[in-house]
Q: 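Below you'll find the structure I mean.
Numbers restart at 1 for each chain; the letters A, B, ... are given by sequence-line order, proteins then strands. In this text the structure is predicted, and so the values were computed from the model without any measurement.
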Amino acid sequence: MPIDRVILGKRGSAYALWVSKQNINVNTALPGHFLLDTNSTIHQVLASGDTFMTRNTGAGATYTQNIPLQAELASYSRLLVWANRYLIRYDSGFGYAGEWGDTDTSSHGVLITNGVLTLKLYAPDALGGPATWLDFWIRWVVFRERY
Amino acid sequence: MIDRAVLGDLDGTGTYVLRVSKEGFNVRTEPLGSRNISFDSRLLEMGTVIQSGLWVFGSGLITFPTMAYAPIVSIQQCDGAGQLLPLPRGRFDQINAHHTFSPIVGIVTLNTLEIRQYAIPWYDTGSVFGYGGTIWQYTIYGMGT
């Protein structure tokens, strides 16, 4: 038996466009049951990239890259960013030059200020020692959501 | 009345879109990337957001509208300047004073999110870095099974 899956107009006391997920009645759908609810934010990607940060690190050093986003975003700060730091071993003498996981003792941070994405790589301090034979990269995705 | 949906030329410049704004906002005048736009076909879609915000570690459960399943959730630490620290492991310089970091976990039910530090009961807790008072950004998605 067919079920209603789309409402363009009024549902309860609110107006919007709702599209429910497969096999769910849009009239009785709960939060999380919608493919589209135009009174909610939809998580959409504004920009993404893969940025080289440094080859090797000095003890206690901070490496920064500032990346301007598209001009339309110049007024935006604190957009949500997901970022992942990864390492590539460039010394082929070890017999392995593939991508490494997050196994080092550095860390990283990300922040958007007035449309510019700032990536920071924090190297280990003297206790941890510098990291050598490694290229450091950060993959990042900027979403429309703000915090 | 204001325009809330466009299927076609957005602004007479040949920019063809399906675009829908939230209640009270003009779909034609909101800039690209505005949080007042609920859908824009120029962007890639990742699912609806049920709730998002900032939360102070140790301040209790985060509650959200009851869902039919435990949703997918993302959490990441945020410092006082707004910088996101995607991997909640702490800075290495803090290890001078704290010998180890225990993982941060998010425990999700149909309507709550609990963010807490994984307990290591057999370890000297005094030397485990504590996250009390730190700020966390969280997002609850309309996705899950």
Q: Quick one: do the A:W140 and A:S48 side chains pair a donor with an acceptor below 3.5 Å?
A: no

Q: Do side-chain atoms of B:R19 reach the backbone of B:R42 as a donor and acceptor pair under 3.5 angstrom?
A: no

Q: Pick one of side chain, backbone, both or neither for B:R4, based on which atoms fall under 4.5 Å of a heavy atom in chain A.
A: side chain

Q: State whether a side-chain donor-acceptor pair under 3.5 Å links B:Y141 with A:H43.
A: yes

Q: Considering only heavy atoms and a distance below 4.5 Å, find which of B:K22, B:Q83, B:M67, B:Q137 pairs most often with chain A.
A: B:Q83

Q: So, A:N25 and A:N27: side-chain donor and acceptor under 3.5 Å apart, yes or no?
A: yes

Q: Which bit of A:F34 is near chain B, if near means a heavy-atom gap under 4.5 Å: side chain, backbone, both or neither?
A: backbone

Q: Taking every non-hydrogen pair under 4.5 Å, which of B:G142, B:P31, B:G82 racks up the most with chain A?
A: B:G82

Q: Answer yes if the side chains of A:D135 and A:Y86 hold a donor-acceptor pair under 3.5 Å, and no otherwise.
A: no

Q: Only pairs of heavy atoms separated by less than 4.5 Å count here; which of A:V142, A:I24, A:T38, A:L30 has the most with chain B?
A: A:T38

Q: Check whether the side chains of A:T118 and A:N66 place a donor and an acceptor atom closer than 3.5 Å, and report yes or no.
A: yes

Q: Can you confirm whether the side chains of B:T134 and B:W136 place a donor and an acceptor under 3.5 Å from each other?
A: yes

Q: Heavy-atom pairs under 4.5 Å with chain A: which of B:D40, B:D79, B:N36, B:V20 has the most?
A: B:D40

Q: Measuring heavy-atom distances to chain A, does B:I140 have an atom under 4.5 Å in its side chain, in its backbone, in both, or in neither?
A: neither

Q: Where does B:A5 contact chain A at under 4.5 Å (heavy atoms): side chain, backbone, both or neither?
A: neither

Q: Would you mind checking which part of B:L32 comes under 4.5 Å of any heavy atom in chain A, side chain (CB onward), backbone (N, CA, C, O), both or neither?
A: both

Q: Tell me, side chain or backbone of B:S74 under 4.5 Å from chain A's heavy atoms, or both, or neither?
A: side chain

Q: Can you tell me if A:E145 and B:S52 form a side-chain donor-acceptor pair at under 3.5 Å?
A: yes

Q: When you check the side-chain N and O atoms of B:Q51 and B:Y138, is any donor under 3.5 Å from an acceptor?
A: yes

Q: Of the backbone (N, CA, C, O) and the side chain (C-beta and beyond), which part of B:Y69 lies under 4.5 Å from a heavy atom of chain A, both, or neither?
A: side chain

Q: At a heavy-atom distance under 4.5 Å, which candidate from A:V81, A:D37, A:L73 has the highest pair count against chain B?
A: A:V81

Q: Using heavy-atom distances under 4.5 Å, tell me whether B:L54 contacts chain A through its side chain, its backbone, both, or neither.
A: side chain

Q: A:R146 versus chain B, heavy atoms under 4.5 Å apart: side chain, backbone, both or neither?
A: both

